[in-house]
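Residue numbering restarts at 1 for every chain, and letters A, B, ... go by the order of the sequence lines. As the structure is a computational prediction, the values presented were derived from the model and not from experiment.
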Amino acid sequence: MPIALVDCNNFYVSCERVFNPKLEGVPVVVLSNNDGVAVSRSNEVKALGIKMAEPWFKMEKIAKQHGIIALSSNYTLYGDLSARVMSILSTFSPKQEIYSIDECFLDLNGFDPKTLMDYGMTIRQTVKRNVGIPVCVGIADTKTLAKLANHCAKKGFAGRNGVCDFGRGTEEQLSKLFSRIPVGDIWGVGRKITDKLLTMSIKTVEDLRTADPERIHAQFSVVLGRTVSELNGVPCIELEDAGTPRQQIMVSRSFGATVTALEDLSESVAEFTIRAAEKLRQDGSVAASICVYIYTNPHREDEPQYQQSKIVPLSQPSDDTTKLVNAAIAGLKAIYRSGYHYKKTGVLLMGLQPKGSIQPTLFDDPVEQAKSDSLMSVMDAINHKMGQGSVGILASGIKQQWAMRRENKSQNYTTDWDELPVVS
DNA sequence: ATGCTCCTGCGAA
DNA sequence: CTAACGTTCGCAGGAGCAT
């Protein structure tokens, strides 16, 4: 029954520190795409009161005062280190669910409950030694409780060794602990639900755990009802096996600078469609339609606002970059209006299904289909080997005035021969 | 009344 | 120097539509 939730500490910052020891012990933030907001904070930065998702320009002053080092995000590096961490963690359980780039669940069913604390310590030490990333481990009988146990481990609520096993606590101890944790710290309880719970005087984890399940179900949703059950040790959320392909694929970006010309927007939409199509083929799926979005900057209240989207169905489900780009550009032309300062575009591939499942229609030309498949394979192979964007299609442009800002990105230490760290 | 699909809101990392 | 506020995914539930 026990489940472990292993979560990397301040993951992006920890990744940067692996290759740059000077970042150790000093305040470091990693910023989102476009150097927009804080997405990962070192403990020193958290201590300065800087919140998650705080915009960089709002903290710049305090950053200068305290010598905060702000880095642009380097997803190539984080993705690579994540794969290494996950691979090590997979050896600790027959069943692993990778939940996000920096955390996974491990099924510990059948392990001796008395040994789980030690097992958690071994997990921490192994990951730290082999990849250099610090992690915390939470152990409990449901996913929701394991998340909460991990939260306690991180906060040092149950000892300071980075492992927390609710199975080691008595009913009374847990109840006391839960009374100290705000209800909003629970997995699945966000801001809106927290606010509504507060009006019902449900303030802590313990308040929600002991609430009337019928009432919670009725006033909120089945989801929160399940959360209450899980808090009481009744599993409602299964460990998911990997390999279920995604149902939709989104690629969108804010621009470094605003853009007005249809031509520039087209380039960005083409570029994002190319990236989306790569992901689609990686999943072995085809898309039935593609949705294009364009936005002005909603934070500029002094400027005229415009946002629009359009869904373009494909004549038949496809994973062909060329067809997808043509559809996306057609959609863009339909919704584009001149005179606005555009800040962001995006594409969404919808109606995804496994490629093998589609039925050829009368209009299918098998020769054309084979040509398309082999062209896409060659393109993917070259881009994989030589780096993203080595081979594309002309439509995505080479000027890329809309490219995002990344003023302080670290190097691709682990994935690019030209950027290997120099050992002195 | 029933069963779809589409769209929006919410949460999470 | 300026201006500057993320991205991607799933689920639930309601709206809208067809039957």
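Close to dA12(C), at under 4.0 Å from its OP1 or OP2, lies a side-chain N or O of Arg226(A). Contact annotation: Arg300(A) side-chain N/O to dA3(C) OP1/OP2 distance is not under 4.0 Å. Between Asn34(A) and dC5(C) there is no side-chain polar atom (N or O) within less than 4.0 angstrom of OP1 or OP2. Contact annotation: Ser254(A) side-chain N/O to dT7(C) OP1/OP2 distance is under 4.0 Å. Close to dA12(B), at under 4.0 Å from its OP1 or OP2, lies no side-chain N or O of Lys147(A). Proximity of Arg191(A) to the phosphate of dA12(B): no side-chain N or O atom is located under 4.0 Å from OP1 or OP2.
Under the 6.0 Å distance and 45° angle rule, Arg209(A) does not count as a cation-pi partner of Phe178(A).
The separation between Phe255(A) atom CZ and dT7(C) atom C1' is 14 Å, rounded to whole Å. Atom CG of Asn9(A) and atom P of dA13(B) are 14 Å apart (whole Å). Summarising the geometry, the separation between CD1 on Ile186(A) and P on dA12(B) is reported as 10 Å, rounded to the nearest angstrom. Taking atom CG of Leu197(A) as the reference point, atom C1' of dC10(B) lies 14 Å away to the nearest angstrom. Spacing between atom NE2 of His341(A) and atom C1' of dA3(C) amounts to 14 Å, rounded to whole angstrom units. Put simply, CH2 on Trp56(A) is 11 Å from C1' on dA4(C), counting in whole angstrom units. The distance between atom NZ of Lys58(A) and atom C1' of dG6(C), rounded to the nearest whole Å, is 14 Å. Per the geometry, CG belonging to Asp102(A) stands 15 Å off C1' belonging to dT8(C), to the nearest Å.
Comparing dG11(B), dA13(B), dG6(C) by their nearest atom to the side chain of Tyr99(A) picks out dA13(B). When each of dC7(B), dT8(C), dG13(C) is scored by its nearest atom to the side-chain atoms of Ile311(A), the top-ranked nucleotide is dC7(B). Of the candidates dT7(C), dA13(B), dG10(C), dA13(B) carries the atom nearest the Glu103(A) side chain, counting heavy atoms from C-beta on. Distance from the side chain of Met250(A) is smallest for dT8(C) among the nucleotides dA12(C), dT8(C), dC5(C). Side chain of Asn297(A), nearest nucleotide from dG11(B), dC5(C), dT7(C): dC5(C). Distances were taken from every side-chain heavy atom of Arg246(A) (C-beta onward) to each of dC10(B), dC9(C), dG6(C); the shortest belongs to dC9(C). Across dT8(C), dA4(C), dC11(C), the shortest atom-to-atom separation from the side chain of Arg405(A) is found for dA4(C).
Between Asp35(A) and Leu348(A), the one whose closest nucleotide on DNA chain C sits nearer the 5' end is Asp35(A). Mapping Val223(A) and Ser252(A) onto DNA chain C by nearest heavy atom places Ser252(A) closer to the 5' end of the strand.
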>> Working note: Lys279(A) + Asp283(A), criterion salt bridge (Lys or Arg N to Asp or Glu O under 4.0 Å); need CA distance, chi angles, decisive distance, verdict.
In response: CA-CA 6 Å; Lys279(A) 294 186 188 183; Asp283(A) 285 5; over 6 Å; no
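No donor-acceptor contact under 3.5 angstrom links the side chains of Arg246(A) and Ser285(A), judged on distance only. Judged by distance alone, the side chains of Asn34(A) and Ser254(A) never bring a donor and an acceptor atom under 3.5 Å apart. For the 3.5 Å distance criterion, the side chains of Thr415(A) and Thr76(A) fail to qualify, holding no donor opposite an acceptor.
Here Ile101(A) lies out of heavy-atom contact (under 4.0 Å) with every strand. Among the protein residues, Lys196(A) comes within range of no part of the nucleic acid, since none of its heavy atoms lies under 4.0 Å from any strand.
A donor-acceptor distance shorter than 3.5 angstrom exists from the side chain of Arg406(A) to the backbone of Ser73(A), with no hydrogens or angles considered.
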